[in-house]
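Side chains included, hydrogens not; waters and symmetry mates left out as well; all remaining heavy atoms used.
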Amino acid sequence: MNVGQLPGPIRFLGSLVDRLAPLFPNWGSSPAVSFLILVLFTAFGYGLSRYVVRLVGRQVAKRFRRQSVAQQILRLIRALVSLFFFLVGAGLVGLELGNIVLSVTVFSAVIGIVLAPLVGSMVNGLFLLADEPYEIGDMVELSDGTRGFIDDITIRYTKIFTLENTFLVIPNDVIREDKVTNFSAEDERIRLSLSVEVTYESDVATARSLIESAASKVDEVIEGGPDIRIGSARYPARPTCYIDEFHDDGVILTLRYWVDRPYKLLTARSRVQTAIWERLEEQDVDVEIAYPHRHLVFDDTSGEARVATREAAERAAVDSAAVRGEAAPEEDAENGP
């Protein structure tokens, strides 16, 4: 192939090697020295790549809105700078680019089956970066109930920092097939529900009002403001209590309220329940929380009561026969006809 037909970067790399090679004619005479030179150039390129990333990191972050994409671009820049100096060192010690490419091709063909899962994770990582299901810093929940924050997204894996202060490193081909709930996609506010059952004798209207006011005083709860829009629907931002169901033991009231921090759902729920309990327990409140009432009835078909009833009937028959001077039913059965 004519040198003029080669791509520009390769022509530049070749010319750079040609200029440096005459200055050090004996570099390729010893395999040990050649290997040392190759390692030094590669290490220098890696160190320089870190400096380049620091130099252009701010501009890349401003150019790309998504942090995960910006990080992948910076990783690519680091890899290209390291690869450039590796190829320069390879040219100085006499390794040709064609031989390197051929060796990599043969090596890739041999271990292709072993690297198939890794390739699958990388392909799924590209899809994750393109589809944008979540971003670094988002709070997510996995199908097994694990919750945490996205700490890093690479083309091979996704790292999640859980609320239990642990790390999960999940291959992209696994997490892409799993159900992931994103609590921070558009709006971190999330709605919770709480059911309270009061007796039929309670003042239901007062109960609803007290439950709403108690919930609105909790710090994590959004106490009012413009309606929250989800798609084409709009929901009141303040706590709202509804009559949900007429149950056997009382009236079920369902409270719906919004919290502004999805990573403190259990804390918010506990504080709301505590506030409602304290408010309904006040003496001037004509509201009583319902609890089950059961009436137990025993008759001649009920377990041990049935045995006791049968024995009492037998004793009564014996006593009646004794009064009349007749034999007991058991004695008549033993004597026979």
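- Summarising the local packing, CD of Glu141 is surrounded by more than 12 heavy atoms from other residues, nucleotides or ligands at distances under 6.0 Å.
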- Message: Asp138 vs Phe149, test: side-chain contact (heavy atoms from CB on, under 4.5 Å). Steps then yes/no.
- Response: CA-CA 5 Å; Asp138 288 353; Phe149 295 91; over 6 Å; no
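- Because its NZ or CZ atom is both nearer than 6.0 Å to the ring centre of Tyr235 and within 45° of the ring axis, Arg191 counts as a cation-pi partner of that residue.
- Here the side chain of Arg269 pairs a donor or acceptor atom with the backbone of Ser193 at under 3.5 angstrom.
- A distance-only check finds a donor-acceptor pair linking the side chain of Asn172 to the backbone of Thr154 [under 3.5 Å].
- To the nearest 0.5 angstrom, Lys217 atom NZ is 12.5 Å from Asp219 atom CG.
- The CD1 atom of Ile222 sits 12.0 Å away from atom OH of Tyr257, with the distance rounded to the nearest 0.5 Å.
- Pairing each heavy atom of Tyr242 with each of Arg256, the nearest pair is CE1-CD, 4.3 Å.
- Taking CG of Leu253 as the reference point, atom CG of Leu210 lies at 11.0 Å (rounded to 0.5 Å).
- Within the 3.5 Å criterion, the main-chain N or O of Leu142 finds no donor-acceptor partner in the side chain of Thr146.
- With Glu197 contributing its side chain and Gly250 its backbone, the two residues share a donor-acceptor pair below 3.5 Å.
- Donor-acceptor pairing under 3.5 Å is recorded for the side chains of Ser202 and Thr199.
- For the residue pair Ile136 and Asp151, the shortest heavy atom distance occurs at CG2-O, 3.7 Å.
- What you find for Arg147 and Glu164 is that their closest heavy atoms are O-OE1, 4.4 Å.
- Shortest non-hydrogen contact noted between Leu194 and Ile276 is CD2-CD1, 3.7 Å.
- The distance from atom CG of Leu265 to atom CG of Leu163, rounded to the nearest 0.5 Å, is 9.0 Å.
- The shortest non-hydrogen separation linking Leu255 to Pro239 is CD1-CB, 4.0 Å.
- The structure places CG of Asp152 at 11.5 Å from CD1 of Ile160, a figure rounded to the nearest 0.5 Å.
- One finds no salt bridge joining Glu223 and Arg238 here, because no Lys/Arg side-chain nitrogen approaches an Asp/Glu carboxylate oxygen to under 4.0 Å.
- Under the 4.5 Å side-chain heavy-atom criterion for grouping Ile, Leu, Val, Met, Phe, Trp and Tyr, Ile252 is not connected to Trp277 through any hydrophobic cluster.
- Contact between Pro262 and Phe183 at its shortest, heavy atoms only, is CB-CB, 3.9 Å.
- Just one residue in the list Arg271, Arg189, Lys264 forms a salt bridge (charged side-chain N to carboxylate O under 4.0 Å, His left out) with Glu220, and that residue is Arg271.
- Distance check: Asp173 CG to Arg156 CZ gives 12.0 Å after rounding to the nearest 0.5 Å.
- Connection of Tyr157 to Phe161 is not established within any shared hydrophobic cluster, with ILVMFWY side chains joined at heavy-atom distances below 4.5 Å, either directly or through further cluster members.
- Under a 3.5 Å cut-off, the side chain of Ser209 and the backbone N or O of Thr206 do not form any donor-acceptor pair.
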